[in-house]
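Convention: sequence-line order gives letters A, B, ...; per-chain numbering from 1.
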Amino acid sequence: MNFFTHFGKYLLMLKGMFSKPENGKLYWKEFMHQCNEIGIGSLGIASIISVFIGAVSAIQTAYQLVSPLIPKSTIAQIVRDTVILEFAPTLVCIVLAGVVGSKIASELGNMRVSEQIDALEIMGINTKSYLVMPKIAAAIITIPLLVVLAMVLGIWGGRMAGSMAGIIPKETYDAGLLENFVPFNVSFALVKAYTFAFIISSIPAYYGYYVKGGSLEIGRSSTTSVVVSCITVLLADYILAALLL
Amino acid sequence: MIEIKNIRKVFGEKVVLDGVSHIMETGKANLIIGTSGSGKTVLQKCLVGLFEPDAGEILYDGVSFTTMNQEERKLLRQQIGMLFQGSALFDSMTVEENVQFPLDMFTKDTHAVKHKRVNEVLERVNLVGSNKKYPSEISGGMKKRVGIARAIVLNPKYLFCDEPNSGLDPQTSMLIDKLIYEITREFNMTTVINTHDMNSVMEIGDNIIYLKDGKKEWTGNSKDIIFSDNQNLNQFIFASEFLQDAKQMRMMEANGGKFPGQGNQ
Ligand SMILES: Nc1ncnc2c1ncn2[C@@H]1O[C@H](COP(=O)(O)OP(=O)(O)OP(=O)(O)O)[C@@H](O)[C@H]1O
Ligand SMILES: [Mg+2]
């Protein structure tokens, strides 16, 4: 199948998600379950990554800023801006594409292959809205929250590393954080986070939902879905930067 | 009543169903029989719309299913129960939750009422004490029975069973057949069963369609089948010598102790 067939089918899947729920309570329950799986489930990995990213960027920035003319507080500014603009949204989402994406693709793939999706359809349930929609909605709600958390933890990680390595005292770092702060950066990062959240949930959902064959194909399509979502995230990152900055 | 008109289904080069027409009657066990790979599952899936037939029409009580849109199909499907060949239980849910799921989705009953109904159907399929187990923790035959329980929990108007008793011991098999038969009569359901189990054919075969190479080769009921002179059907049904002998005996009985064919001479 070529790109356009996939893309058309993907759009049709998204269109098919919008229908009146057969039972609002069960849909809500499924949504909450997915929020838990996607949001709480990837809290640990998102936190660890962001702390380390902040720490590393503080040390590396200090290493590159050799001129004594540049004040130390600049380190804090650079860490703050790179973490908010790029590391927290993009890097975290790339990692989540692996964590969340493979989970979504293999869960749906397994349900497809073992005819559980057919069983739901036969009961008169719109499986696109019951299975796919709550996953995408949960990702769109929880992933931006993770990204905000990642921003905070990243900046904190830089502060810790800076003071532990004796590069920049905490007070200077804190003061630096407040210098030249552009609130738009945060909005821009959130726009990215929402976009990426949609990408890393809907693309794996598509690959899982339409899997054909057996367990081998589930694995294969879950890998493909992660690769495709990562590339799409990077592409979207570039497009958003070109458009909005 | 489900009317099948000239259904044709092709997968790539392979013609799986080639102009099959038949009527599935209400209040009866309608059996689809045939060798493995003859297209029984495909026919059943065409009936419920999991496969789109390439040609032909399907009517549910006179209403064309083929031309229905998604929403209309959804409504009709709330009256359909289906047991899949591989059971298709939701593996994130326990036995109890599986059976209760259609009730949760489509009824506004209280928890106590639903719980009672779940236990009632689980009892009917002879499955008590496994309520809290997950599908991965029960045997294949038990999964089948949970699948049946889930299919009948809403008292559907149309019941589809794909090999309800493959993988079950003869005793449980018989029990399942009887159960399906009883509820079919009791609730006047239109039941469609795929099977290659001879016991079922003889016990509950009200209306049998025999598929061969995607075509309807023979149709009739369990009484007719003994006297059928269709070579292919005989080879399929009376494959073992034991069954051939049984057939001879039944025919002799019916003929007043003479071998078939002798009566007229
Ligand atoms: N999704 C599919 N894609 C391509 N071919 C298929 C598909 N499903 C079934 N077939 C083909 O259709 C034919 C009939 O299959 P079907 O599953 O209906 O057989 P069956 O009569 O149910 O057999 P069994 O008794 O073993 O269950 C087989 O040759 C099979 O290869
Ligand atoms: Mg089959």
Side-chain angles (χ1 to χ4, degrees), chain A residues 1 9 12-34 36-38 41 103-104 106-135 208-215 218, chain B residues 11 41 44-51 68-93 97-109 111 114 135-136 143 146-148 150-154 156-162 192:
Chain A
M1 275 205 291
K9 222 168 142 191
L12 282 178
M13 178 190 85
L14 294 179
K15 182 168 162 267
M17 293 187 329
F18 298 99
S19 74
K20 194 174 168 293
E22 293 80 19
N23 179 325
K25 224 170 95 188
L26 279 198
Y27 274 67
W28 179 252
K29 202 174 135 197
E30 176 67 16
F31 169 69
M32 284 323 240
H33 174 70
Q34 292 302 334
N36 191 27
E37 288 273 305
I38 294 173
K103 183 150 62 186
I104 291 179
S106 53
E107 184 186 328
L108 287 173
N110 176 44
M111 291 190 80
R112 167 65 74 194
V113 167
S114 60
E115 297 184 311
Q116 292 173 50
I117 292 186
D118 289 343
L120 285 166
E121 284 284 334
I122 286 303
M123 289 174 192
I125 294 163
N126 180 345
T127 50
K128 291 187 192 101
S129 33
Y130 181 62
L131 295 175
V132 178
M133 170 88 118
K135 291 187 173 61
Y209 189 82
Y210 287 111
V211 81
K212 274 205 179 79
S215 29
I218 299 176
Chain B
F11 284 115
T41 301
Q44 213 177 64
K45 287 191 173 175
C46 282
L47 288 184
V48 294
L50 288 176
F51 286 149
M68 277 184 190
N69 64 28
Q70 281 304 319
E71 281 306 304
E72 291 168 326
R73 284 190 177 191
K74 247 175 74 173
L75 284 180
L76 176 77
R77 281 178 176 164
Q78 292 174 14
Q79 305 180 323
I80 292 180
M82 185 161 187
L83 167 71
F84 286 79
Q85 194 160 358
S87 299
L89 300 182
F90 306 130
D91 41 30
S92 58
M93 298 181 192
E97 286 163 350
N98 260 285
V99 180
Q100 195 174 318
F101 184 80
L103 293 172
D104 286 338
M105 190 58 97
F106 295 110
T107 69
K108 300 224 176 330
D109 295 341
H111 187 73
K114 288 189 280 198
S136 57
K143 282 185 199 162
V146 179
I148 294 175
R150 190 179 65 184
I152 63 174
V153 74
L154 282 175
K157 248 175 104 176
Y158 312 96
L159 179 63
F160 294 85
C161 300
D162 199 350
V192 179

**Report entry** Atom pair CD (B/Gln70) and NZ (A/Lys128), whose distance is rounded to the nearest 0.5 Å
**Finding:** 6.5 Å

Query - Exercise: identify the closest heavy-atom pair between B/Phe90 and A/Ala119 - result: CE2-CB, 4.4 Å

Query - Within 6.0 angstrom of A/Lys9 NZ, more than 12 heavy atoms from elsewhere - result: yes

Report summary line: Rounding to 0.5 Å, atoms CZ (B/Phe51) and CG (A/Asp118) come to a distance of 8.0 Å

Query - Side chain, backbone, both or neither of B/Leu154 within contact of chain A (heavy atoms, under 4.5 Å) - result: neither

Query raised in the report: Of the backbone (N, CA, C, O) and the side chain (C-beta and beyond), which part of B/Lys108 lies under 4.5 Å from a heavy atom of chain A, both, or neither?
Result: neither

Query - Donor-acceptor under 3.5 Å (A/Asn23 side chain, B/Asp104 main chain) - result: yes

**Report entry** Contacting moiety of A/Ile122, where chain B heavy atoms sit under 4.5 Å
**Finding:** both

Requested in this report: Working to the nearest 0.5 Å, report the span between CZ of B/Arg150 and CE of A/Met123.
Outcome: 4.0 Å

Query raised in the report: Relative to chain A, which segment of B/Ile80 carries a heavy atom at a distance below 4.5 Å: side chain, backbone, both, or neither?
Result: both

Query raised in the report: Can you say whether A/Lys20 sits under 4.5 Å from chain B via the side chain, the backbone, both, or neither, judging by heavy atoms?
Result: backbone

**Report entry** Among B/Arg77, B/Met82, B/Arg73, B/Lys74, side chain to side chain contact (heavy atoms under 4.5 Å, CB included) partner for A/Glu121
**Finding:** B/Arg77

